[in-house]
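Reading through the structure tokens given below for one structure.
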Amino acid sequence: MIAPEENPVPDVFDYFAQVELPTPTLGDEEVRRLFREVFGVAVELEQLGSQQDQNFRVFAAGGRSGERAPLGVLKLSNPVFSEAEIEMQDEAAAVVAAHDGTLRIPRIVVGPRGPLSAWWHSSEGRIHARVIENIAGKTLTGSGYLAPAVVARMGELSARVSLALADYTHPASGRILQWNLEHATRVIETLLPTEPDAAVRAVVERAVRAALVQLDRVAAALPRQAGHFDITDDNILTPPGGRLPDAVIDFGDVCVSWRVGEIAVTVSSILHHDGADAFSALAAIRAFDVLRPLDDEEITALWPLVVLRGAVLVLSGRAQVRLDDENTYASTALDREFRILDVAASLPVEVVTAGIRRALRPGSAVGAAHRSWNSAALVELPHPRVVLDAGTESALNDEGAWRRPDTLDEAAHAELDAGAAVVALPPWRAVLTGAPARTPSAPATVPTGVTLWLAEPVALSRRDGSASISDGTLTWTSGDETVTISGLPEGPTPDGLPARRRLFVQRSATGGPIAPALVPVSQAGAWRDVCGDPAAALGLDIQTDDHTDGGGTDGILATRHRVLAEVQEHYYAAPPRIERGWREYLADVDGRVYLDMVNNVASVGHAHPHVVEAATRQLHLLNTNSRFHYRIIAEYAQRLTETLPDELDTVFFVNSGSEATDLAIRLAMASTGRRDVVAMREAYHGWTFASDAVSTSIADNPNALQTRPGWVHTVAAANSYRGEHRGADAARYAPEAVAVIDALAADGHAPAAIICETYFGNAGGVALPDGYLDQVYAAVRRHGGLAIADEVQVGFGRLGEWFWGFQQQGVVPDVVAVAKSIGAGQPVGAVITRRDIADRYRTQGYFFSSTGGSPVSAAIGLAVLDLIQQNGLQENARVVGAHLKHRLETLGERHPLIGRVHGAGLYLGVEFVRDRVTLEPATAETAAICERLLELGIIMQPTGDHQNVLKIKPPLVITRESVDYFADALDRVLSTGW
Ligand code: PMP
């Protein structure tokens with residue numbers, strides 16, 4: 001560290017020589033007068049916050065507020081800063097601007113008398129005043145959410161400035177600022193005794209001590225250069241309408257310091273934001289390193305410097321507030337600053353450093369190889385040994401057993417009873433058993449030790465080392481290796497391990513941190529690098545893969561991309577790998593449990609035991625094509641027709657919604673002998689040739705309307721919220737559609753049918769205008785055509801109030817197409833119609849779909865119908881759905897982005913708009929909100945032609961607690977950003 005006497009330029013600022021920094025406090029009137037006198041411009045002012053200077057936004061006088069563009073930001077420098085330092089700040093900004101064209105950097109504004117930069121003789125003495133260009137856009141000030149891409153961009157900005165200033169020198173660059181991390185220790189030593197709150201002192205001391213142990217090892221070797229050293233959320237701007245920041249302002253802290261300090265400062269400013277932690281900040285460090293690679297010493301120094309920055313912020317922020325309690329800028333920052341330190345120090349520095357090293361230099365980590373057990377095992381465990389798998393795909397977790405805390409012990413004891421001498425659950429492998437559901441961040445699911453059950457007591461086989469016991473935990477140390485065994489009975493130091501108890505064995509480096517029993521997947525590799533693998537200490541040969549980057553980005557996704565068609569898309573750019581479902585929950589391979597708010601296919605809940613049993617039983621019996629004669633196809637068809645009005649008495653079985661709507665269209669054509677079909681616009685009916693022909697949703701196919709075959713005629717989407725006719729005017733849709741149908745008939749093209757959803761699902765669940773289907777069906781029928789109801793999305797109890805969507809309209813269609821939710825994910829589809837219509841399909845030959853209505857499909861379909869009817873799922877949809885709709889509408893009162901909450905029961909849509917009058921769709925926002933909801937543990941996707949509606953259609957078994965979790969999370973996202 002540089003001592004002040006080594007400072008090469010004696011007349012620059014030295015924080016230690018002048019610790020108190022009262023900011024200039026000139027009155028508005030004086031500032032306006034001096035501005036006019038010195039710069040020759042009459043201005044109006046708006047005060048801005050600053051910790052050391054006095055800042056104003058200045059506007060040319062006379063303009064009307066609201067429409068005037070600011071002249072720039074007037075900076076009245078703290079009188080302690082020299083002219084050379086001020087010149088250096090402006091010069092450094094100019095160097096960065098010249099070096100990197102991708103960055104927006106403010107310049108000094110030029111007025112009628114030249115650059116607006118001069119010394120003012122004010123009532124508070126000589127003060128330097130300059131006007132810096134106002135950069136359009138918004139800073140990231142506040143503690144709102146920073147998306148991973150924004151965090152990464154922050155690291156990139158930091159690297160770009162560091163690169164631009166790599167060779168910059170200035171005589172004043174040796175000035176001694178309290179923010180220069182080279183001086184952090186001294187700043188802390190200076191301020192700590194002045195801190196009145198003992199608790200704050202204790203937190204700071206503890207954090208700083210640990211940081212310095214690591215920093216001191218490498219400090220002398222750290223490269224130095226000039227830098228901005230304040231590229232924080234407050235000092236970068238996102239352009240208007242943009243998502244990623246591209247501007248860097250406020251070069252007030254320019255000096256020479258450790259190069260790595262640039263990114264340390266940037267990272268610290270990320271940590272107080274909503275949901276951020278040390279590991280989410282890795283995205284910034286990675287982005288920095290890509291452009292400005294960190295050397296090994298810098299990697300070692302980085303996290304200690306983040307901690308020190310946090311400590312300096314806390315102490316100096318509090319000191320400043322004590323000094324100047326009117327500085328509201330400083331006092332509102334106190335909580336944020338404390339949070340920075342808190343998050344920075346929440347994990348041991350060596351663990352975060354290991355995480356950084358892994359992220360930057362995969363493969364080079366001081367990993368398990370260095371940390372595995374290097375001497376004889378502590379015990380000799382007998383055989384046979386059973387290794388438990390409690391991961392997401394393990395049968396141990398079937399039927400919701402993962403939710404019960406006893407599952408693991410029961411499984412272990414069952415293995416002991418069956419003859420195992422040792423049962424072990426491996427460390428470093430994610431466990432679903434006992435994992436919490438609905439967590440806003442990835443929960444701790446990776447055990448850091450071996451969980452062990454023994455059939456008989458086993459003696460410790462090593463007598464060397466030192467052993468002690470406290471609170472049932474034995475600590476055994478030999479040299480630089482320590483083993484802890486917890487779960488022992490109270491008492492003196494044992495000479496062996498007891499039988500039939502759940503023991504937990506961890507390894508650590510002697511004197512190093514001991515991991516919590518479980519850590520999140522994101523931290524597991526880092527903890528493993530620091531603590532090592534305890535299995536070897538027990539003589540257990542358990543291989544654990546190093547899967548610490550999470551299951552979603554594994555090779556399986558790459559395989560999927562390689563061997564599946566690209567247009568067969570998957571949800572999310574970086575999807576979690578979901579391998580288990582249960583009720584309204586989905587679990588990924590990391591043991592994270594998500595709330596499934598989108599899955600109407602799983603209407604009765606994921607993996608329902610009744611469905612599993614029905615399918616399994618039927619698979620044991622028979623599964624074949626549907627031309628055979630077997631009981632269950634008849635029984636299922638009978639039951640389906642019983643849910644419908646009497647005249648809809650005849651069933652065709654197919655495998656999907658596309659097939660069902662396609663067949664419905666063919667039936668209408670065959671039965672009427674006609675070719676023309678009327679379809680509602682902005683709908684989706686499927687991908688097969690005919691179902692695609694009547695689908696015009698541009699979200700599914702941007703050219704949908706232009707590529708209609710001649711036999712398809714469309715009528716307006718009867719959307720009363722954002723369609724051609726809104727509100728009460730929506731009554732006009734029906735007569736206009738009737739006019740289209742009449743005109744077609746008059747033109748010799750009387751339609752075979754009209755097809756539409758009975759409740760506008762593709763728009764997010766918008767009810768059709770009252771009487772719409774009544775009028776439109778009547779018109780088609782008047783001309784001899786049929787009414788086809790697409791109930792694929794909305795039918796089968798989901799609407800709560802009505803089992804079928806057409807019941808909401810008080811009509812009965814001629815043909816009903818249904819699929820998706822009727823089969824719990826099994827391909828089951830059906831077309832149900834009148835006997836006379838079905839009979840006329842004879843003109844086409846006969847109908848056969850091999851597996852449509854196969855024994856297993858029929859068994860599953862029947863099980864699903866039983867569950868819906870017997871377990872009151874339609875009623876649950878009505879009650880829980882109404883509660884959710886009410887909660888969402890309440891959110892709409894506070895969050896202007898919510899244009900309308902659509903839907904009924906558990907078919908709801910939250911439509912996001914940028915403006916409630918123009919209804920400009922908030923498409924990009926909706927996509928980003930869905931990404932953030934995923935981070936908060938919720939599966940949600942956009943729908944609608946503008947992809948600006950949240951598609952809310954969870955399993956019908958969903959609980960009130962779960963929908964409340966969703967509403968709370970959405971509130972959080974809308975409040976803290978996306
Ligand atoms: N109709 C509607 C209203 C749909 O939403 C869908 C599927 N999204 C289909 C038909 C086609 O169903 P499937 O994907 O099972 O072919």
Side-chain angles (χ1 to χ4, degrees), residues 657-658 660-686 688-698 700-701 704-720 723-725 730-763 766-769 771-794 805-806 809 811-817 831 833-834 837 840 945:
S658 301
T661 55
D662 196 305
L663 176 60
I665 292 166
R666 283 164 203 269
L667 272 174
M669 288 179 172
S671 128
T672 61
R674 297 181 186 160
R675 298 267 323 145
D676 292 279
V677 172
V678 176
M680 191 188 283
R681 288 198 282 275
E682 295 177 28
Y684 180 77
H685 297 292
T688 61
F689 210 73
S691 63
D692 174 64
V694 293
S695 298
T696 51
S697 162
I698 50 166
D700 296 293
N701 171 5
L705 267 178
Q706 292 80 346
T707 55
R708 287 313 82 208
W711 56 269
V712 176
H713 311 275
T714 61
V715 294
N719 183 337
S720 56
E724 291 165 23
H725 308 305
R732 292 168 59 187
Y733 287 119
E736 286 180 8
V738 169
V740 170
I741 293 160
D742 287 345
L744 276 172
D747 206 22
H749 286 279
I754 180 159
I755 181 168
C756 65
E757 288 191 275
T758 50
Y759 201 93
F760 201 168
N762 198 45
V766 182
L768 297 175
Y772 179 86
L773 286 185
D774 195 31
Q775 296 174 57
V776 172
Y777 281 8
V780 171
R781 285 168 174 157
R782 201 166 57 239
H783 297 296
L786 302 182
I788 301 173
D790 183 340
E791 296 275 355
V792 171
Q793 292 257 32
V794 298
F806 61 76
Q809 287 277 303
V811 295
V812 177
D814 302 302
V815 185
V816 171
V831 175
T833 186
R834 295 198 308 266
I837 297 169
R840 271 176 278 167
D945 260 19

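Quick note: numbers below take in every heavy atom, side chains included, and nothing from hydrogens, waters or symmetry partners.
In the displayed structure, Arg666 atom CZ is contacted under 6.0 Å by at most 12 heavy atoms of other residues, nucleotides or ligands.
Of all the heavy atoms in Tyr733 and Pro769, the pair that sits closest is CD1-CG, 4.0 Å. Of all the heavy atoms in Ser691 and Thr661, the pair that sits closest is CB-OG1, 3.1 Å. Annotation for Ala779 and His783: closest pair O-CD2, 3.1 Å, computed over non-hydrogen atoms.
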| task | Begin with the C-alpha distance, continue with both residues' side-chain angles, and end with the deciding distance and a verdict on side-chain contact (heavy atoms from CB on, under 4.5 Å) for Glu682 and Phe760. | result | CA-CA 9 Å; Glu682 295 177 28; Phe760 201 168; 4.0 Å; yes

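Taking the ring-ring contact (aromatic ring centres under 6.0 Å, His included) definition, one finds that Tyr772 meets it with nothing, sequence neighbours left out. Remark: Arg834 engages Asp814, Asp836 in a salt bridge (Lys or Arg N to Asp or Glu O under 4.0 Å) (not counting sequence neighbours).
In this structure a side-chain-to-backbone donor-acceptor pair under 3.5 Å is missing from Gln775 to Ala734.
Among residues at least two apart or in separate chains, side chain to side chain donor-acceptor pair (under 3.5 Å) pairs with a member in residues 748-757 are Asp676-His749.
Put simply, the residue from Val694, Val780, Leu744 that forms a side-chain contact (heavy atoms from CB on, under 4.5 Å) with Val678 is Leu744.
Salt bridge Asp742/Arg782: present, at least one basic N to carboxylate O contact under 4.0 Å.
Looking at Ile665 and His685, their side chains never come closer than 4.5 Å, going by heavy atoms from C-beta outward.
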